[in-house]
> 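Can you read through this structure? Questions will come right after.
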Amino acid sequence: MSREESYCALMQGVDQLDFKGLPIPNDLALIGDDAFPLAMNPRGQVLMAASTYGKGRLVVLGHEAMLTAFPDVVENALGWLNPTSDSAVAVHPSCEAMLANLCYTSILAETGCYREGLGVYVTNAYTMSEIDKDLVAFMKGGGGLLVAGQAWKWAKENPKENALTGFPGNKVSSVAGIYFTELKGELGVFPVPPQIPSSWLAASIDKDFEDDMEFLLKGVTEFNITGGATPSEVMVHGPLAFPIATDDAARAFFAGAYYGQGRIIVTTHEGYLGNQNLVPFLLNVIRWLDEGRNGEVGVQPRLTGAHALLSTSGLTCTKTDFRDNLSVYVCTSYSDQQAAEIQEFVAEGGGLFIGGHGWNWAQKNRGLNVLTDYPGNRILNKLGCSILGNTLRPGTYKAPNPGHLGNEAYRFRSMLKQMAGHVTSGQELKPHELNSLQRLGGDCTSYLRMRAHDCLTYTGVLELLTDVVKTGGVPQVGQDCPVKKPIEHLLLSVGSEVYKATPNPDELLPYIIKDQPNLPVIHNVTVKISGQAAGGEEWKSTGLYLSPGMKTYMSIPPKIVKKGWKVQIGCQTDYVGGAAVLKRAPVVHERFDVDAEMIEVSNLWGGLIYLVTPAKSDEGELEIVVQNAIAAPYYKSGETTVEDWVRYIRDAPAPWAEMEFENIIITMHSTTVRAVDQPDKVAELWDSIMRAVADLAATPPKFARKERYVADVQISHGFMHAGYPVMMHSSSALSLVNPELARSNGIWGAIHELGHNQQRGGWEFPPHTTECTCNLWSIYVHETVLGINRASAHGGLSPDGRKCRKEAFQKDPNLSKWSVWVALETYVQLQEEFGWDAFKKVFAAYQTMKNVPRDNPGKMNLFAETFSLTVNKNLAPFFKAWAWPILPATEQKLADLPAWTDHPMSKPPS
């Protein structure tokens, strides 16, 4: 039975609940995948709840008076809890007053204490301690349990006790994800909704975890995680989860949580489990997890350092794989083989100390979702923490002061509640909350990617964020309407992810995309593409576009199904969410696995349609049929005629256009190409440029994979940046498709980025040459193709500037100053003396070299030797003048060559 079906059965015939005049009930806290509220007041407090555990069921009422005040609810509950209609129902003597209401029902119940053989047991929440293990086993085996009571009075009488673990009722109900809290519930008359009640006010539990932090941080002043172990970030998202140790940006690498009767501690590198710098903290962790049981600590056998360190705790530490009779289990997060058993172990009181980093896994498993596919998260997500795929900087971080955590400490759920109140109810945010909105947006994005639709806590957050998007709307971002306010930044980021996660995206679309253009659709379009990809992953253009939110089916040839192919919607693959000002949404492309012969694809933000090949594909020509799409301006050399381009293709309605040439594809806004009258001349220009790029690199004139440019309103960094594709701002696109403009003004930056793509590690010396040697291609293309000499191509190569830099370096020859334009002068001097052919021969030589050093000094000596042998001159004195670390051994190898004695650096500065 689903949760919704269970809720309907439990609240059948109940239209409202009148709590007026009753004793003050308890606010119940719910965690895990199975617990759900039955009654919730307008403050978001849960007064009744239900759950399942194992084969059994549980109903919790926030005060024992409810047993008699709500006979219809009790009758429904007993029917839902009873596995068979003839199973015995026993009612604890303290609750026998409820029996009077059962006289008019078919339920047969009797007064009595718990015993074996019952179907349902009804009890208060105060007398369960002595038989808590029996009741848990009873429920786990299929029994039904109805518990009523409140913990706020108990907490008041036991101020030094932790109600979550100490209150008797919690020793049983918490196993199923329901906790009696210290908070009083607000009374009133509350309607019973037709579906499980929810409220953004219930997003967080008002617990500060101060006592836990005080215990864990006793004797701890700092977290020293320097060294070779780079941590991931742990996202702390559960209602009863809390960050412990964070970096300077408040991103956690240690976190804790309560789950059921047990506890967990997560760290994001297994090396920290046995780190000597963390000894006081780690010993505190083990004692906190053991909870005074003095039980056995099982340590995964591979964690030798952790076993040695934790053995000093005074507890029995054993190298062992997981066993359910341990008090604490210490392990890595790299396996999920016993995920369900470990979760059950924690729920029933065990302690879990788990460590591992997700970034390495994420790098090796690109395309998989670290939130759902990383093995450790299959254990941890349910427990309230998740290991992310990003990295944090190792360092020494100050431990927080448990007594001064206050309300300003960032916690995902409490911040979520404050944000929702701001958007839906106009509640004012405090300065520290405003500063946390961008962080919250990132956490919401990560959380939503869990796609845990069977988990009520997940669906609750999804419903909350859906209401936020519908109420606050999503800003209509663009070049002329940038997003600057933190709350708008969050809505734009979160709106995209809510759309992807919601079961009803079409319903949400009008709140995100307004003024949707009505573009003409073409149907059942057959597209022929080449299935060849001699190089890396390659995007194959279709010349088709999907509008925002538009869905289409694609018919795929069987021979590429489940072979690593993907469909991509959108050409802008840069993530821009880290920018303070947004001119577009952070992520605007989508990818779909080609896992069937017919697949449905779409993208909230729309985009051009691509087939993405796996590396080194060899599938011949392929035919794809796209059911519905919009034609895009698409020119392809050798296929598109100038007449067709001018007559109708360039005016195709899609807002994105592409021009594909022999070795490069340029993607830009369609307005940029509407005035291009001679696409063949643009093709001639780029064919010449790309052959020149290959010529200098000493590679074949036909590229293994065509390069790509994409021009967009916003990119991830810089004015342009290299990669596949090369990204640039929209304002730079016109010069790429206007040959006259390119030949008169130059396109230095665009070729600079292609030069980056030609750089090779063997002859690169980062960081010195990172922004230097790429400029060799800019010089070469401008002089040999565009007809612009180097001094005119870029101001950095003016004669005066070059002379000034050279003489300044001669006066203070220091390798730390050898970078960018200073470093480029070295290569320009070599070119001016020996010509471009020398570089081509050197680059060609590197293509067959083996055992190339990896360190800069070794690589620099090899380059000096290679260039010298290529030009038959001893260049060691020249490179030494440029402060290169030339070794005596290198000088000895070159000693028989004629020396270059009159090199530019041999002349003293004027």
Side-chain angles (χ1 to χ4, degrees), residues 1-3 5-7 9-10 28 30-36 38 49-61 74-93 95 107-149 165 167-180 259-262 322-327 329 338-350 352 379 382-383 454-456:
M1 185 180 290
S2 69
R3 280 191 302 268
E5 290 174 323
S6 294
Y7 173 78
L10 285 161
L28 304 172
L30 310 184
I31 68 165
D33 295 352
D34 304 309
F36 58 95
L38 300 176
S51 187
T52 59
Y53 187 70
K55 298 178 181 178
R57 297 175 176 181
L58 169 71
V59 173
V60 176
L61 307 181
V74 171
E75 181 181 352
N76 290 342
L78 293 175
W80 181 75
L81 291 168
N82 207 340
T84 59
S85 57
D86 58 349
S87 295
V89 178
V91 179
H92 189 273
C95 305
I107 297 172
L108 299 176
E110 59 184 30
T111 303
C113 293
Y114 172 75
R115 67 178 190 278
E116 291 186 5
L118 292 175
V120 179
Y121 182 52
V122 183
T123 183
N124 66 63
Y126 316 117
T127 58
M128 306 169 71
S129 296
E130 294 181 1
I131 58 168
D132 59 321
K133 287 183 170 47
D134 293 332
L135 291 178
V136 169
F138 166 67
M139 184 166 53
K140 187 175 178 180
L145 193 60
L146 174 57
V147 181
T165 56
F167 180 65
N170 284 335
K171 294 182 183 298
V172 177
S173 66
S174 65
V175 173
I178 302 176
Y179 290 85
F180 295 86
Y259 182 75
Q261 294 183 41
F322 174 73
R323 291 186 274 113
D324 60 10
N325 62 346
L326 297 170
S327 175
Y329 182 52
Q338 294 177 289
E341 292 93 331
I342 291 173
Q343 289 166 345
E344 185 178 287
F345 164 73
V346 177
E348 296 185 12
L352 175 66
I379 299 172
K382 190 173 182 177
L383 309 185
D454 57 344
C455 171
L456 192 68

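Keep in mind that the numbers below use all heavy atoms, side chains included, and drop hydrogens, waters and symmetry copies. Please read these numbers as outputs of a predicted model, since none were measured by experiment.
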> Closest heavy-atom contact between G119 and N82?
CA-OD1, 4.3 Å
> Kindly say whether A50 contributes a backbone atom to a donor-acceptor pair with the side chain of R57 at under 3.5 angstrom?
no
> Please confirm whether the backbone N or O of G260 pairs with a side-chain atom of Y179, one donor and one acceptor, at under 3.5 Å?
yes
> Quick one: do K382 and C455 satisfy side chain to side chain contact (heavy atoms under 4.5 Å, CB included)? Show the steps, please.
CA-CA 8 Å; K382 190 173 182 177; C455 171; over 6 Å; no
> Please evaluate residues L78 and V122 with respect to the criterion side chain to side chain contact (heavy atoms under 4.5 Å, CB included), reporting the C-alpha separation (whole Å), side-chain torsions for both, the decisive distance (0.1 Å), and the verdict.
CA-CA 9 Å; L78 293 175; V122 183; 3.8 Å; yes
> Quick one: CE on M128 to CG on N170, what's the gap to the nearest 0.5 Å?
9.0 Å
> For the rings on F138 and Y114, is their centre-to-centre separation under 6.0 Å?
yes
> Ignoring hydrogens and angles, tell me if any N or O in the side chain of N76 forms a donor-acceptor pair with the backbone of L10 under 3.5 Å.
yes
> Looking at NE2 of H92 and CG of L146, how far apart are the two atoms once the value is rounded to the nearest 0.5 Å?
13.0 Å
> Is it the case that more than 12 heavy atoms not belonging to E341 sit under 6.0 Å from its CD atom?
yes
> Strictly distance-based, threshold 3.5 Å: is any side-chain N or O of K55 a donor or acceptor partner for the main-chain N or O of G143?
no
> Got more than 12 heavy atoms from elsewhere within 6.0 Å of CD, E116?
no
> Run the side chain to side chain contact (heavy atoms under 4.5 Å, CB included) test on S173 and V147 for me, step by step, so that the C-alpha distance in whole Å, both residues' side-chain angles and the decisive distance to 0.1 Å come before the verdict.
CA-CA 8 Å; S173 66; V147 181; 5.7 Å; no
> Do the side-chain N and O atoms of E348 and Y53 include a donor-acceptor pair separated by under 3.5 angstrom?
yes
> Kindly give the heavy-atom pair with the smallest separation between L58 and A176, and that separation in Å.
CD2-CB, 3.7 Å
> Check A109 against V91 and note the closest heavy-atom contact, atom names and distance.
CB-CG2, 4.2 Å
> Roughly how far, to the nearest 0.5 Å, is the OG atom of S6 from the CG atom of L38?
9.5 Å
> Using every non-hydrogen atom in the two residues, find where R3 and D454 come nearest and quote the distance to one decimal.
NH1-O, 2.8 Å
> At what distance, to the nearest 0.5 angstrom, does CG of L108 lie from OG of S87?
11.5 Å
> To the nearest 0.5 Å, what is the distance between CG on D324 and CD on Q338?
9.5 Å
> With a 3.5 Å distance limit and no angle check, can you tell me whether S51 reaches the backbone of G177 through a side-chain donor-acceptor pair?
no
> Grab the two heavy atoms, one from I178 and one from A35, that are nearest each other, plus how far apart they are.
CG1-CB, 3.8 Å
> Within this structure, what is the CZ-CG distance for the pair F36 and L30, rounded to the nearest 0.5 Å?
10.0 Å
> Identify the heavy atoms of G112 and P93 that sit nearest to each other, and give their distance.
O-CD, 4.1 Å
